[in-house]
There are 2 protein chains.
Amino acid sequence: MVVRELDPAGTDRVFAALADATRRDIVARVLRREASVTALADAYAMSFAAVQKHVAVLERAHLVVKQRRGREQIVHADVATIRAAARLLDQYEELWRGRVDRIEDLLAAEQEGNAS
Amino acid sequence: MVVRELDPAGTDRVFAALADATRRDIVARVLRREASVTALADAYAMSFAAVQKHVAVLERAHLVVKQRRGREQIVHADVATIRAAARLLDQYEELWRGRVDRIEDLLAAEQEGNAS
DNA sequence: CTAACGTGCAACCACATGGTTGTACGTGAG
DNA sequence: CTCACGTACAACCATGTGGTTGCACGTTAG
C-alpha cells in the first residue's frame, strides 16, 4: 500500500479542513456513499454556495475528489489523505514513546522553514 | 487505557491547532522533551508573544499542558489528545471500509448541530 | 531590597475564513 | 430549441487568526 506523504503546507490544509464540523460531516457522508454537491447541500441548513465552498476546501486538501457525471459533480472521499493524516499523528505518538528511529525524517520535513 | 473522547467543539480546536506548522513543531518538541515557554520561543524566528500565543492555542486544545516550576512555565505534551485525534481519523477510515458497526455513535456525535 | 527574568495580556494590523446574495454558464430533459 | 438544473465564482460582511509592540506583574537571583 502506497502511503501518501504530506508536506507541511499540505498538512496545514488537511488539518484546517478537518477543523470544521460541517466539513467533517461531509467527509463522513461521502466516505459511506458518494454524493453530488447539490445532494450534499440539501443536507445542511446553509446556502448551496456555502456547502460548495466547503467542498472546495476539502478538495484543495485532497480529502475529497470530484468527478463529473453528466451535469452533476460527484464527490467522493480520498481515503489515502485521511490515512496519511492518521499516520502522521501515529508518528507523533511514537515520537513520544521514544521511538525516534527513523522518525527524524518526519521532523526534518516538518521543521522546514520553522526553526530560527 | 482510557481513550479520551473528543466532542465536536474540541475536535475543532484540536485540528485547528494542528493546522499550523509552528504549533506542530512545538508539539513535536515537547513530545520529546518538556520545555519552558521561553525555551520554546528561543527556537523560532518570531516574537516571544507569538510563541506564547501558539502555546495558548495548544493548551486550549489540550494538546499540551503547562506546569509551573519556579518562575517558569513548563510545557509538556498531552499525548492522550493526540491519540484521540488519531483514533477519530481511524474511525473515519473504518467508516470507509464499511465497518459501520458501532461507528454510528461517532457520527451521531459529530452530526450534532450540523444536519438541517 | 532591587533588578532582571519569565510570563501573560491588551491593542493593533493585515489577511484568511465562513457565511450571505447574485450572476454566469454548461448540460440535459422535454 | 428552450428552459430548468447543477455548478462555479465574485462581491460583500463579520469574525477569527497570526503576527507585532508595549506594558504589567509575580518570582527569583544577587
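Everything numeric here is computed off the predicted structure, so don't read it as measured data.
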Item to check | Hydrophobic cluster membership, B:V57 vs A:Y92, 4.5 Å side-chain cutoff | outcome: no

Item to check | Donor-acceptor contact below 3.5 Å, side chain B:R23 vs main chain B:L18 | outcome: no

Next on the checklist: Between A:Q52 and D:dT7, is there a contact of a side-chain N or O with OP1 or OP2 at under 4.0 Å?
Outcome noted: no

Checklist entry - Atom CD of B:Q67 and atom C1' of C:dG6: how far apart are they, to the nearest Å? => result 16 Å

Next on the checklist: Hydrophobic cluster membership, with links at side-chain heavy-atom distances under 4.5 Å among I/L/V/M/F/W/Y: are B:V30 and B:M46 in one?
Outcome noted: yes

Item to check | Under 4.0 Å protein heavy-atom contact, by nucleotide of nucleotides 14-30 of chain D - B base, S sugar-phosphate only | outcome: ----BBBB-----BBS-

Checklist entry - Separation of A:E59 atom CD from D:dA8 atom C1', in whole Å? => result 11 Å

Item to check | Exam field: side chain B:R60 to backbone B:A17, donor-acceptor pair closer than 3.5 Å | outcome: no

Checklist entry - A:E72 near the nucleic acid: base, sugar-phosphate alone, or nothing, with a heavy-atom cut-off under 4.0 Å? => result sugar-phosphate

Checklist entry - Separation of A:K66 atom NZ from C:dG26 atom P, in whole Å? => result 17 Å

Item to check | Spacing between A:L58 atom CG and D:dT7 atom P, to the nearest angstrom | outcome: 15 Å

Checklist outcome for this item: The complete set of ring pair (Phe, Tyr, Trp, His ring centres under 6.0 Å) pairs with one or both residues in residues 7-39 of chain B, sequence neighbours excluded, reads A:F15-B:F15

Checklist entry - In whole Å, what is the span from the CD atom of A:Q73 to the P atom of D:dT7? => result 7 Å

Checklist entry - A:Q73 side chain to A:R68 main-chain N or O, any donor-acceptor pair under 3.5 Å? => result yes

